[in-house]
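Remarks on the structure that follows.
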Amino acid sequence: LITLDSLNLSNVDIIKIDVEGFEQQVIDGAIQTIKKNRPIIQIEIIDKFLKEHKSSAKKLQKTLIDLGYVVTLS
């Protein structure tokens, strides 16, 4: 596995994440890409899967808010 940050991407407009509980790890591996590009981030969150991987929706939401995002649920 590699991180998004290791790809040194530019012009990232959107990141869509559907990784069955590994959402926090994806965000953690994309911090610099997110800070540099400020993309729209779409995430499918199932708290049960997050908990299986030692994370939670609340932790993920805090990470995104700390990055300056407004989190909306639908």
Side-chain angles (χ1 to χ4, degrees):
L1 298 176
I2 61 172
T3 65
L4 287 175
D5 284 346
S6 72
L7 298 173
N8 198 26
L9 300 171
S10 59
N11 298 321
V12 177
D13 296 321
I14 186 167
I15 298 173
K16 182 177 180 187
I17 304 170
D18 184 358
V19 291
E20 305 297 324
F22 290 99
E23 290 80 6
Q24 185 69 52
Q25 291 87 336
V26 170
I27 295 294
D28 290 346
I31 296 290
Q32 295 310 313
T33 302
I34 292 168
K35 286 180 177 179
K36 182 170 78 173
N37 294 280
R38 305 298 302 161
I40 294 168
I41 302 174
Q42 180 183 359
I43 306 173
E44 178 182 359
I45 297 174
I46 300 174
D47 206 39
K48 173 183 124 179
F49 293 144
L50 287 168
K51 288 178 182 174
E52 289 174 5
H53 299 286
K54 310 273 189 278
S55 189
S56 69
K58 187 173 184 172
K59 180 180 178 185
L60 186 57
Q61 182 177 15
K62 182 182 180 329
T63 300
L64 292 168
I65 289 170
D66 289 349
L67 286 167
Y69 281 83
V70 173
V71 177
T72 58
L73 305 174
S74 61

Any pair counted as salt bridge (charged side-chain N to carboxylate O under 4.0 Å, His left out), so long as it reaches residues 55-69, sequence neighbours left out
K62-D66

Inter- and intrachain pairs under ring-ring contact (aromatic ring centres under 6.0 Å, His included), touching residues 1-40, at least two apart:
F22-H53

Under 6.0 Å from the NZ atom of K35, do we count more than 12 heavy atoms belonging to anything else shown?
no

Write out all pairs satisfying salt bridge (charged side-chain N to carboxylate O under 4.0 Å, His left out) with one or both partners inside residues 3-14, taking only residues at least two apart or from two chains.
none

Taking salt bridge (charged side-chain N to carboxylate O under 4.0 Å, His left out) as the cut-off, I'd like each qualifying pair that reaches into residues 37-50, sequence neighbours left out, listed once.
D47-K51

Tracing side-chain contacts under 4.5 Å among Ile, Leu, Val, Met, Phe, Trp and Tyr outward from I14 reaches I40

What residues, two or more places apart in sequence or in another chain, satisfy side chain to side chain contact (heavy atoms under 4.5 Å, CB included) together with I2?
S6, L7

With sequence neighbours excluded, residues passing side chain to side chain contact (heavy atoms under 4.5 Å, CB included) with Q42
K16

Between CD on residue E20 and CD1 on residue I45, distance to nearest 0.5 Å
12.5 Å

Assigning hydrophobic clusters by single linkage (Ile, Leu, Val, Met, Phe, Trp, Tyr; side-chain heavy-atom cutoff under 4.5 Å), is L64 placed with L73?
yes

With sequence neighbours excluded, residues passing side chain to side chain donor-acceptor pair (under 3.5 Å) with D18
none

Test item: I43 and I27 side chains (from C-beta on) under 4.5 Å apart, heavy atoms
yes

Quick one: hydrophobic cluster around F49, which other residues, with the 4.5 Å side-chain cut-off, linked directly or via members?
I46

Smallest heavy-atom separation, Q24 atom then L60 atom, equals OE1-CA, 3.2 Å

Can you list the residues that meet the side chain to side chain contact (heavy atoms under 4.5 Å, CB included) rule with V12, with sequence neighbours excluded?
L9, I15, T33, N37, P39

Please tell me whether E23 and S55 have a donor and an acceptor in their side chains that are separated by less than 3.5 angstrom.
no

